[in-house]
Amino acid sequence: MARLLVTGAAGFIGANFVHYWLARYPDDRLVVLDLLTYAGNRASLAAAEGDPRFRFVQGDINDEALVGQLLREERLDTIVNFAAESHVDRSIHGPDPFVQTNIVGTHSLLKAAKAVWLDASFGGRPHRFHHVSTDEVYGSLASADPAFTESTPYAPNSPYSASKAAADHLVRAYHHTYGLQVTTSNCSNNYGPYQFPEKLIPLVLLNILHGKALPIYGDGENIRDWLYVEDHCQGIERVLNKGRAGEVYNIGGNNEWTNIEIVRLICRLMDERFAADPGLRRRFPESPAGEGKGAAGLITFVTDRPGHDRRYAINASKISAELGYQPQETFESGIARTVDWYLANEPWWRAVMDGSYRQWLETQYGG
Ligand code: NAD
Ligand code: DAU
């Protein structure tokens, strides 16, 4: 039986992780700590609210006293740190919150964990600090380069990836210097339910529904390695259960696509959904299908992202060989599930898009 502090779980991956974990570990306790920034959405945790194993705390990972108090009063033995500023474009326009949350915030969590778990009163009991990181710390690959392994040198290119890289180093240092039981996972691009519509896949889906341009940065030939979010959760689960302290594990789907290919695929899937269900035209009259047109007509090439990494690809053979990790979702089924989830969960994304989830929060939970 484990007692987990899950930070940043009102965000995309953290929320999926909470649902994944509650469904599989009936005896575990989950305390969520989330600041509810623009990316945090308590509605994504609605299915867990009311579960006696679950507690939501609105707060900042920079608040070392609060974290220490939660670790003690809830007798928590595991931290899974999802909390972060996560969007590369935002980091280019305003890096400060990335430094504050991703670097200083992670360090604050480490300090709190060290103070509580390495204190004599904790009695040397097993503990684990798992840090959720990204493949972007390894930099950009050329088309013929081998995929990133755990020993690929760090070469972050954006303020976002630089801040994640700094945090990874601090996590490593707390193991080597103080003996804190840490693990880190570096994962590729995730997709699936509850993703904030600033990221490529949900942005494209929702723009099609509203008949808006689908912005493709540069030539659209940048490559990402896409993983269904539940498979990321499965990878973290394996690291928490069997991963060796002090180790780093890459998680990926062996699933490289250029951006333009992904966008064309989503256009085709949406055209198929609209053709099969006339109700969609009534619900989304601004979509191209409403005028008998294909979604791909919305594709618009725009100015490239500054410093845009060309290609990411993960070599996941370490986690596969050591921990038995295998992605369960094929890309075909995962992207279809994602399209259908966004079509079936209009209230969720409408609330996210107009910001009214904050109001919803107050009416549901009193703030
Ligand atoms: P997200 O932006 O959807 O969610 C981030 C969450 O963190 C939000 O709920 C936000 O309110 C919370 N948060 C932000 N600052 C906080 C603070 N100071 N204190 C407490 N909570 C705070 O992010 P995501 O896409 O779910 O990513 C989660 C983690 O996984 C991040 O660390 C990210 O770097 C990493 N990651 C993401 C991907 C991906 O494809 N999305 C891939 C690999 C790794
Ligand atoms: O690789 C893991 C990373 O994946 C995570 O660490 C980040 O938190 C996550 O945001 C994601 O970063 P990317 O920059 O790869 O994701 P994004 O969805 O922003 O962009 C995916 C690709 O699509 C990228 O090459 C930029 C491009 N793009 C993105 C947007 C939003 C476009 O062409 N047009 C767009 O409008």
Side-chain angles (χ1 to χ4, degrees), residues 12 16 39 41 44 86-90 188-231 253 255-305 308-312 329-357:
F12 163 49
N16 278 282
N41 184 355
S44 303
S86 70
H87 192 40
V88 174
D89 291 333
R90 285 180 188 256
S188 60
N189 284 64
N190 286 213
Y191 68 98
Y194 302 116
Q195 188 167 28
F196 194 87
E198 64 188 353
K199 307 285 167 62
L200 182 68
I201 288 181
L203 178 99
V204 165
L205 279 170
L206 299 190
N207 280 11
I208 292 172
L209 296 178
H210 295 104
K212 290 190 186 160
L214 311 181
I216 309 286
Y217 299 162
D219 63 5
E221 295 297 324
N222 302 66
I223 292 173
R224 298 291 182 265
D225 184 351
W226 293 95
L227 183 71
Y228 191 66
V229 62
E230 274 186 15
D231 278 322
N255 180 41
E256 293 181 52
W257 288 71
T258 64
N259 294 336
I260 188 68
E261 283 174 322
I262 288 269
V263 173
R264 290 217 169 96
L265 171 67
I266 296 171
C267 289
R268 186 166 53 72
L269 291 174
M270 291 293 268
D271 289 346
E272 287 170 10
R273 298 296 186 278
F274 273 85
D277 178 1
L280 287 177
R281 285 189 199 187
R282 283 192 292 279
R283 278 172 64 196
F284 304 108
E286 296 160 317
S287 71
E291 299 172 6
K293 295 181 187 158
L298 295 172
I299 290 175
T300 308
F301 288 88
V302 299
T303 308
D304 208 353
R305 171 186 277 174
H308 196 174
D309 285 337
R310 195 62 173 168
R311 173 177 166 239
Y312 305 140
E329 197 75 47
T330 65
F331 190 58
E332 202 181 20
S333 60
I335 198 79
R337 278 179 77 176
T338 305
V339 167
D340 291 333
W341 188 88
Y342 278 88
L343 289 174
N345 288 275
E346 188 178 344
W348 181 88
W349 55 256
R350 284 228 183 266
V352 168
M353 287 172 83
D354 66 16
S356 66
Y357 72 86

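Side chains are part of it too, since the values below use all heavy atoms of this structure and drop only hydrogens, waters and symmetry mates. Residue numbers start at 1 and run along the sequence shown.
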Colleague: So which heavy atom on Pro193 is nearest to which on Asn16, and how close?
Modeller: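 Result for this residue pair: O-ND2, 3.0 Å.
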
Colleague: Apply side-chain contact (heavy atoms from CB on, under 4.5 Å) to the pair Tyr194 and Asn345, showing each step before the final yes or no.
Modeller: CA-CA 9 Å; Tyr194 302 116; Asn345 288 275; over 6 Å; no

Colleague: Would you check, one step at a time, whether the test side-chain contact (heavy atoms from CB on, under 4.5 Å) holds for Thr338 with Val229?
Modeller: CA-CA 10 Å; Thr338 305; Val229 62; over 6 Å; no

Colleague: Would you please test Asp89 and Tyr217 for side-chain contact (heavy atoms from CB on, under 4.5 Å) and show each step?
Modeller: CA-CA 11 Å; Asp89 291 333; Tyr217 299 162; 2.6 Å; yes

Colleague: Any donor and acceptor pair, going by atom type alone, linking the side chain of Asn190 with main-chain N or O of Ser188 inside 3.5 Å?
Modeller: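 Yes, the answer is positive, given that a donor and an acceptor are paired below the 3.5 Å cut-off.
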
Colleague: I want to check something: taking the side chain as every heavy atom from C-beta on, are Ser44 and Trp348 in contact at a cut-off of under 4.5 Å?
Modeller: yes

Colleague: Taking atom NZ of Lys199 as the centre, report whether more than 12 heavy atoms of other residues, nucleotides or ligands fall under 6.0 Å from it.
Modeller: yes

Colleague: Picking from Trp341, Tyr228, Phe12, what satisfies ring pair (Phe, Tyr, Trp, His ring centres under 6.0 Å) with Tyr191?
Modeller: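 Testing Tyr191 for a ring pair (Phe, Tyr, Trp, His ring centres under 6.0 Å) against Trp341, Tyr228, Phe12 leaves exactly one candidate, Tyr228.
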
Colleague: Return the minimal non-hydrogen interatomic distance between Phe274 and Ser287, and the atom names on each side.
Modeller: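 Looking at all heavy atoms of both residues, the closest pair is CE2-OG, 3.3 Å.
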
Colleague: Salt-bridge test for Arg310 and Asp219: reply yes if a basic N is under 4.0 Å from a carboxylate O, no otherwise.
Modeller: yes

Colleague: For Gly279 versus Asp277, what's the shortest heavy-atom pair and its separation?
Modeller: N-OD1, 2.9 Å

Colleague: For the side chain of Asn222 and the backbone of Asp309, is there at least one donor-acceptor N/O pair under 3.5 Å apart?
Modeller: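 Pair found, side chain donor or acceptor close to backbone of Asp309.
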
Colleague: Of all the heavy-atom pairs spanning Pro288 and Gly294, show the shortest one and how long it is.
Modeller: CB-O, 3.7 Å

Colleague: What is the minimum heavy-atom distance between Thr300 and Leu298, and which atoms define it?
Modeller: OG1-O, 2.9 Å

Colleague: Could you tell me whether the side chain of Asp271 and the main chain of Ala295 form a donor-acceptor pair under 3.5 Å?
Modeller: yes

Colleague: Determine yes or no for a side-chain-to-main-chain donor-acceptor pair under 3.5 angstrom, with Asn259 supplying the side chain and Glu221 the backbone.
Modeller: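 No.
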
Colleague: Determine the minimum heavy-atom distance between Asn207 and Ala213, stating which atoms define it.
Modeller: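 Nearest pair, atom of Asn207 first, then Ala213: ND2-O, 2.9 Å.
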
Colleague: Would the number of heavy atoms belonging to other residues, nucleotides or ligands and lying under 6.0 Å from CZ of Arg264 be above 12?
Modeller: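 Not more than 12 within 6.0 Å, no.
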
Colleague: By salt bridge (Lys or Arg N to Asp or Glu O under 4.0 Å), which residues pair with Asp340, not counting sequence neighbours?
Modeller: Arg273

Colleague: Yes or no on side-chain contact (heavy atoms from CB on, under 4.5 Å) for Leu209 and Leu343, after CA distance, side-chain angles and deciding distance?
Modeller: CA-CA 9 Å; Leu209 296 178; Leu343 289 174; 3.9 Å; yes

Colleague: When you measure from the side chain of Trp226 to the backbone N and O of Phe331, does any donor-acceptor pair fall under 3.5 Å?
Modeller: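 No; zero donor-acceptor contacts below 3.5 Å.
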
